[in-house]
Structures are given as structure tokens and as C-alpha cells.
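All figures in this text were calculated on a predicted structure; none of them were measured in a lab.
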There are 2 protein chains.
Amino acid sequence: MPAFRDFLTRHKALILYGVFLALLLLLLRWLELRLLVFNHSTEMYIGAIAILFTALGIWLAMKLTRPKEKTIIVEVEKEVYVPKAEFVFNEAEFEKRGLSRRELEVLELMAAGFSNQEIGARLFISLSTVKTHSSNLFEKLDVKRRTQAIERGKKLGLIP
Amino acid sequence: MPAFRDFLTRHKALILYGVFLALLLLLLRWLELRLLVFNHSTEMYIGAIAILFTALGIWLAMKLTRPKEKTIIVEVEKEVYVPKAEFVFNEAEFEKRGLSRRELEVLELMAAGFSNQEIGARLFISLSTVKTHSSNLFEKLDVKRRTQAIERGKKLGLIP
DNA sequence: TTTGGGGTCATACTTTCGGCTGATTTTGGG
DNA sequence: CCCAAAATCAGCCGAAAGTATGACCCCAAA
């Protein structure tokens, strides 16, 4: 029973079309028995039927074929300027300045925007130690503050 | 002449339908003169016409109804690598962040390694004012300290 | 064994920075 | 002329950064 109802729902349009056609044929048979139609204009009659069923066909097409939505994806390129990722560590300057590995690490994190406390946490050392390395770093780079150290470090190719 | 051609192209389906109908009517008139059709099965004949024109209607519907088009615009970021030496000021980001000219000036001098006092001297303003601009700058760049501001500023293309 | 380099840590102190509050003046657009 | 935004300035205070001093540890080379 549910299967039959499902069938009805699905093919509603087709069933309606069949019923309509059957009714029309019955009407036609009735008129034929009356002998009214064929005494006048056959072309007009046929033409009316043709147009009527064309309209039916159009209606049927609308029902059967869901108009597919065509999705057009337009990609618009937005240019984003990115500095070249070609950082080449300047080993020569590193040697020349006599920086230690630890000092370079501190400089890198400094440039990344971390506070001394945060640097300590990341390198698993105390704030005291960060300050010591920092102080030594400034001396070797001949600067007075971290912003200068960062600027000098980038210029010398020690940090990206 | 071009307008007529345009008309033909646009209403191609409708014109075809009209021609087809006219031809059918002519055929029917010819058969009527032969008195062949009405001696057999009228219902079969009418039924055939009905189905034929239904098919025509369906075809017409397919032609007349254009499938809806939905346009989606997708912005694709295209990374353009520029040599490091070619700093391109990111005007868009500047506008977006709502920085003021003065704030940008302070950021530039910050990145160059100057202290607030020194920045004040260079811009002919007081230490107080530098601090104010600095504070506003941090807010707009969503950072907590100058090293972060510098880092963010470089990333966003606000400073070289 | 001694020496030098690098790393770690603490403490005390000074300087600079950053947040907050409030006020006034200047500038540019409607 | 009016108004909002930008710029300027001051004062106070705690946080963070920077300086100076000293101590201890480890390791390799002389």
C-alpha cells in the first residue's frame, strides 16, 4: 500500500496526462455519435487539439524536468605581495660577531615578538638567563635595545 | 535585415512549431480528400495526434526555458613573490586597519630601532604623544609590544 | 691542573615602556 | 559654522627591559 502511494506521488503528472487523454477520447466518441463535428471544420478541430496537447506537453515538461541550476564559479585573482622567502643565513657575519648559538636563538624569538619571560619559557630557561644572553647579544651587535638588535640582525642576515 | 535575422534566431523553436503544424494540416486535408482516414479508427488517429503534439510541447518547453544560472565569485589569493628590496606599501591593509599617518610614522621609526624619546625628537613631538600614538597603533595591529608591532607591520606590508 | 668559552641563575637597581585617565588644539569635510 | 577625527600633551603607576655584579657548572685544550 505505501509502495503504491509512492508510485502515485512520483508519477502524478503522467497519470494526469493519461486520464486527460482518456476523457478527451470519450468526449470525442460522444461527439462522433452526434455527428456534429465532421460537418464543419476539420482543420480547426485538429488544430485546437494540437495546440491543446502542445500546452499539455509544455506543462508536462515543466513537471518532469527540474530546471537544473547551473552554477558558474568565477575565480577572481587577488594579488598578495609576499616577500621572497629566500633567507640565506649569513654564517660569515655570525662567526665575525662571535655570537653564540643561544644568543642567536634569543634574537630570533625577540624578532618574533616574544617578551623575555616568553622567550625563557620557550627555551626552558629563566628570565635571568634570557637577560644575560640578551645583554651579551646587544654588546656583540653594538646596540642598546632589542629593536635595534632586530633591525641590525635582519640587515646582517642573521635572522630572516 | 539584421533585425529580422535576429528575430529568426531568437524565435527559432516557435517558427519551427508553426511550420510543422501547417504541414500537418495540409497533410490532413489531403487525406480527407482521399476519404481514407474516417473509415477506420478515429480514436487511434486523434490519440496519435495528441501524443505527437505533446512530444512537440515537451521539446518546445526544453527550448524555451533556460536553466537558471547562478554565479559564485571566489577570490583566490595569488601570491606574488617580490624581491625583498622591492618594498610595496600595502595601501589596502593600511586602510583596513585604519591606521593614521602619524601612527605609521611612529611604527617606521620604531622598526628603525629608535626609543620613544628619540622618535619624539625626530617628529618634533613630546614623549607623551609618542606613547599615545604607540598605544593606538598597538590596538589597531592587535599587539602588546613594539617588537610584535614591528613583526606584524612587516608581515602586512606596512613597513619595509 | 689550569684556563677559557659557553650556559645557567640570582639579586639589586635603573631606565624605558605601556596602560590609563583626562584635557586641549588642530584639521578637514559637510 | 559645526562636528568628528586626528593630533597633541600631561600625570601617575606598574610592567618590562636593560645594567651591573657575582656565583656555579661543564667541557675541551693546553
Give me the residues of residues 101-116 of chain A where at least one heavy atom lies under 4.0 Å from an atom of DNA chain C, by number, or none. Arg101(A), Arg102(A)
Can you check the Gln117(A) CD to dG18(D) P distance for me, whole Å? 14 Å
Within residues 118-141 of chain A, the residues having a heavy atom closer than 4.0 Å to DNA chain C are Ile125(A), Ser126(A), Ser128(A), Thr129(A), Thr132(A), His133(A)
Worked verdict on Lys155(A) versus Glu151(A) for salt bridge (charged side-chain N to carboxylate O under 4.0 Å, His left out): CA-CA 6 Å; Lys155(A) 273 227 171 70; Glu151(A) 202 255 348; 2.5 Å; yes
Can Thr129(A) and Ser126(A) be counted as having a side-chain donor-acceptor contact under 3.5 angstrom? yes
Among Val106(B), Ile119(B), Asn116(B), Leu99(B), whose side chain to side chain contact (heavy atoms under 4.5 Å, CB included) with His133(B) holds? Val106(B)
Return the value, rounded to whole Å, for the distance between atom CD of Gln148(B) and atom C1' of dG18(C). 13 Å
Does Ser100(B) put a side-chain nitrogen or oxygen below 4.0 Å from OP1 or OP2 of dA5(D)? no
Which of these, Val143(B), Thr132(B), Leu107(B), sits in a side chain to side chain contact (heavy atoms under 4.5 Å, CB included) with Leu137(B)? Leu107(B)
Look up atom CE in Met110(B) and atom OG in Ser134(B), then write down how far apart they are to the nearest 0.5 Å. 3.5 Å
About how many Å separate CD1 of Ile159(A) and CD of Glu105(A), when rounded to the nearest 0.5 Å? 13.5 Å
Is Arg145(A) close enough to dA17(D) that one of its side-chain N or O atoms is under 4.0 Å from OP1 or OP2 there? no
N-O pairing of Glu118(A) and Arg145(B) below 4.0 Å: yes
Using atom NZ of Lys144(A) as one end and atom P of dT16(C) as the other, report the distance to the nearest whole Å. 10 Å
Do NZ/NE/NH1/NH2 and the carboxylate oxygens of Arg152(B) and Glu93(B) come within less than 4.0 Å? no
